[in-house]
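Heads up, the thing below is written out as structure tokens.
Basis for what follows: all heavy atoms, side chains included, without hydrogens, waters or symmetry-related copies.
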Amino acid sequence: MDKKELDKLIEKAVLKMALDPNNIEHYHELAKYYAMDNQYEKVISVYESLLAIDPKDMQTLLNLGSIWFYSKEFKKALKYFNEAMIVNPSNYLVYYNIANTYAEMKNFSKALQFYSRTLDFNSKDPEIYNAIALLYHDFEDYVEARAYYEKTLSLDPNNLTALVDLGNVCYKLFDYKQALDYYYKVFELAPDNKTVALCIANTLSITKDKENTYKYFDKAIELDGDNYKAYICYAIAKSDFRDYDGAAELYKKAIALNDKEVNAYILLGNLYSNLKRYKEAEEQYRAALNINKLDPSIYVLIANLYYMNEEIERSIYSYRAAVNLRPENDEYKLVFIQVLNDYIDDKRKDDLVANF
């Protein structure tokens, strides 16, 4: 539907409301057209007018709650969801929406309470178990998350979200074999899924299966989508397999794709630093610093580099820059003070020997 056609429908709906202001269907119609036109402030205004006529209109309460939820105005969302719960305390979607809102607010106990209440009314919906699994996942209780993802799959064996997330949970529980089983199943169902191809490659890398690691990274890179992350993950794997030249080339490919992102510069700098190629490492760190001059961690990397290359005075200047940017960071302060004290002690020792 083009803009002109949509504008005509909005105009007709406004006229209907004016002629019959107590007919709530006209309000729903107009709100729908405003939503299609992404005019959400007007959607809210129409719904608020509707509630003045019928404060118990369930669809309006749920829709307003959802609008505020997706706007991340969670307290406003809860206001409407709670009103909907009073209107219809048997509607499981109300409890589900409230639970989702508390989950976004990182209120674990409230979210779990309302998910449990949702199950009282609907215990056969796999997405509810999936949501509970995600809640436990977000709070890093991977054992409970795994149990709920498995429950989801018992109801919906081909649920791609659950399969991927369950693979991720198994990975975090160091059960790499099981993680691969879930990832492979997703890849069978969705062979164009770039993210899962990367998950498989990263997991194979952990298990030291070099041939298949490279195979799946190559597959991931061939699939549609941004390869910046793929090149970086592939480079890390090549570095783990001691293919340092190959890793460096992949970091450079990532930089060529996005030269305004610091991550690849820093990782390439770290690679060169570990290889004691300090000049090349400094070039990468300096490139990262040109992008983000206010990142103290980059100054620390440069300081570490100078320290390893026994350029202590330059190291001290870089540590001081990091401390000046983040004076509240005790770790930066402690390292700076230690290096400075060691330098002073060393100078005093030299002076004592010279004066003896």
query: Looking at the rings of Y176 and Y171, which for Trp means the six-membered one, are their centres under 6.0 Å apart?
result: yes
- prompt: Taking 4.0 angstrom as the limit, do R146 and E150 come out as a salt bridge?
  reply: yes
- request: Scan residues 236-293 for pairs that pass ring pair (Phe, Tyr, Trp, His ring centres under 6.0 Å), counting only residues two or more places apart or in two chains.
  value: Y214-F241
- prompt: With no hydrogens and no angle check, do the side chains of Y182 and D165 hold a donor and an acceptor under 3.5 Å apart?
  reply: no
field: Check: D243 side chain, G246 main-chain N or O, donor-acceptor pair, under 3.5 Å
entry: yes
query: Going by the side chain to side chain donor-acceptor pair (under 3.5 Å) test, which pairs reach into residues 92-104, not counting sequence neighbours?
result: N100-Y115
task: Show your working on side chain to side chain donor-acceptor pair (under 3.5 Å) between Y319 and N304 and close with a plain yes or no.
output: CA-CA 8 Å; Y319 281 129; N304 291 341; 2.4 Å; yes
- prompt: Using a distance-only test with no angle check, is there a side-chain donor-acceptor pair under 3.5 angstrom linking N263 and E261?
  reply: no
Residue K333 excluded, over 12 heavy atoms near NZ under 6.0 Å: yes
query: Stepwise, does the side chain to side chain donor-acceptor pair (under 3.5 Å) test hold for E127 with N159?
result: CA-CA 9 Å; E127 291 309 316; N159 189 300; 2.9 Å; yes
message: Just verifying a value: how many Å separate N341 CG and I337 CD1, rounded to the nearest 0.5 Å?
response: 7.0 Å
- request: Measure from the side-chain N and O atoms of S154 to the backbone N and O of K151, and report whether any donor-acceptor pair falls under 3.5 Å.
  value: yes
query: With distance as the sole test, does S66 use its side chain to make a donor-acceptor pair with the main-chain N or O of L62 at under 3.5 Å?
result: yes
task: Under the side chain to side chain donor-acceptor pair (under 3.5 Å) rule, what do E331 and N329 come out as? Steps first, then yes or no, please.
output: CA-CA 6 Å; E331 183 181 350; N329 189 305; 5.4 Å; no
field: Sidechain-backbone polar pair: S71 side chain, I67 backbone, donor-acceptor under 3.5 Å
entry: yes
- request: Would you sort out whether K172 and H137 count as a side-chain contact (heavy atoms from CB on, under 4.5 Å), showing the intermediate values?
  value: CA-CA 10 Å; K172 287 171 182 174; H137 194 160; 3.2 Å; yes
message: If you count every heavy atom of other residues, nucleotides or ligands that lies below 6.0 Å from E73 atom CD, does the total exceed 12?
response: yes
message: Grouping I, L, V, M, F, W and Y whenever their side-chain heavy atoms are under 4.5 Å apart, do V46 and L6 come out in a common cluster?
response: yes
message: Is there a side-chain contact (heavy atoms from CB on, under 4.5 Å) between D224 and D192? Walk through the geometry before answering.
response: CA-CA 8 Å; D224 289 341; D192 59 345; over 6 Å; no
query: Going by an N to O cut-off under 4.0 Å, is there a salt bridge joining R117 and D120?
result: yes
query: Between Y136 and D138, is a side-chain contact (heavy atoms from CB on, under 4.5 Å) present by the stated rule, with each step listed?
result: CA-CA 5 Å; Y136 279 112; D138 285 346; over 6 Å; no
message: Are N122 and L93 packed together at the side-chain level, in the sense that at least one heavy-atom pair is separated by less than 4.5 angstrom?
response: no
task: Report the C-alpha distance between K208 and D240 in whole Å, list the side-chain angles of each, state the deciding distance to 0.1 Å, and finish with yes or no for salt bridge (Lys or Arg N to Asp or Glu O under 4.0 Å).
output: CA-CA 9 Å; K208 305 302 181 185; D240 288 342; 5.4 Å; no
message: Restricting to non-hydrogen atoms, name the atom on A235 and the atom on A247 that form the minimum distance, rounded to 0.1 Å.
response: O-CB, 3.3 Å
Heavy-atom side-chain contact between I53 and Y27 under 4.5 Å: yes
message: Check E249 with K252, please: is the shortest side-chain N to carboxylate O separation under 4.0 Å?
response: yes
message: A side-chain contact here means heavy atoms from C-beta on lying under 4.5 Å apart; do L51 and L64 qualify?
response: yes
query: Do the side chains of I316 and I298 join up, straight or via other hydrophobic residues, at under 4.5 Å, putting them in one cluster?
result: no
- prompt: Any chain of hydrophobic side-chain contacts (each under 4.5 Å) joining L250 to F217?
  reply: yes
- prompt: Are any side-chain N or O atoms of N227 and backbone N or O atoms of A230, one a donor and one an acceptor, separated by less than 3.5 Å?
  reply: no
- prompt: Between the side chains of H28 and D57, does any donor sit under 3.5 Å from an acceptor?
  reply: yes
Under 3.5 Å: donor-acceptor pair, side chain of K194, backbone of A220: yes
- prompt: Does some side-chain heavy atom of K215 sit less than 4.5 Å from a side-chain heavy atom of K219?
  reply: yes
query: If every non-hydrogen atom of T213 is compared with every non-hydrogen atom of S205, which pair is closest and at what distance?
result: OG1-N, 3.1 Å
query: For F121, does the CZ atom have more than 12 heavy-atom neighbours from other residues, nucleotides or ligands under 6.0 Å away?
result: yes
statement: Between A197 and L223 the two heavy atoms that sit nearest each other are CB-CD1, 4.3 Å
Heavy-atom donor-acceptor pair, S315 side chain to A303 backbone, under 3.5 Å: yes
field: Side chains of R326 and E328 in contact at under 4.5 Å (non-hydrogen atoms)
entry: yes
- prompt: Side-chain contact, heavy-atom cut-off 4.5 Å: K75 with W68?
  reply: no
- prompt: Quick one: do L61 and I86 end up in the same hydrophobic cluster if we chain Ile, Leu, Val, Met, Phe, Trp and Tyr together by side-chain heavy atoms under 4.5 Å apart?
  reply: no
- request: Decide yes or no on side chain to side chain donor-acceptor pair (under 3.5 Å) for D295 and S297, but give the supporting numbers first.
  value: CA-CA 6 Å; D295 186 342; S297 67; 2.6 Å; yes
- request: Test side-chain contact (heavy atoms from CB on, under 4.5 Å) on T161 and N130 and set out the steps.
  value: CA-CA 8 Å; T161 302; N130 212 28; 3.6 Å; yes
message: If you apply the rule salt bridge (Lys or Arg N to Asp or Glu O under 4.0 Å), what do you find for R314 with E282, and how did you get there?
response: CA-CA 12 Å; R314 296 182 77 186; E282 184 179 353; 3.6 Å; yes
task: Report yes if the side chains of L189 and L163 come closer than 4.5 Å at any heavy-atom pair, otherwise no.
output: yes
- prompt: Do the non-hydrogen side-chain atoms of L271 and Q284 ever get within less than 4.5 Å of each other?
  reply: no
- prompt: Is there a donor-acceptor pair closer than 3.5 Å between any side-chain N or O of S116 and the backbone N or O of L112?
  reply: yes
task: For A103 and A111, work out which heavy atoms get closest and say how close.
output: N-CB, 3.6 Å
query: At their closest point, which heavy atom of A77 faces which heavy atom of F69, and how far apart are they?
result: CB-N, 3.7 Å
task: Please name the pair of heavy atoms, one in Y306 and one in S318, separated by the smallest distance, quoted to 0.1 Å.
output: CE1-OG, 3.7 Å
- prompt: Charged N to carboxylate O below 4.0 Å: is that the case for D181 and K185?
  reply: no
- prompt: So Y129 and Y148, would you call those rings parallel, tilted or perpendicular, with 30° and 60° as cut-offs?
  reply: parallel
message: I'd like to know if the side chain of N309 reaches the main chain of L305, judged simply by a donor and an acceptor atom lying under 3.5 Å from each other, with no hydrogens or angles considered.
response: no
N/O donor-acceptor pair under 3.5 Å between Y299 side chain and K293 backbone: yes
field: Lys/Arg-Asp/Glu bridge criterion (N-O < 4.0 Å) met for K79, E83
entry: yes
field: Single-linkage hydrophobic cluster, 4.5 Å side-chain cutoff, L267 and L198 together
entry: no
- prompt: With a cut-off of under 6.0 Å to the ring centre and 45° to the axis, is K238 in cation-pi contact with Y234?
  reply: yes
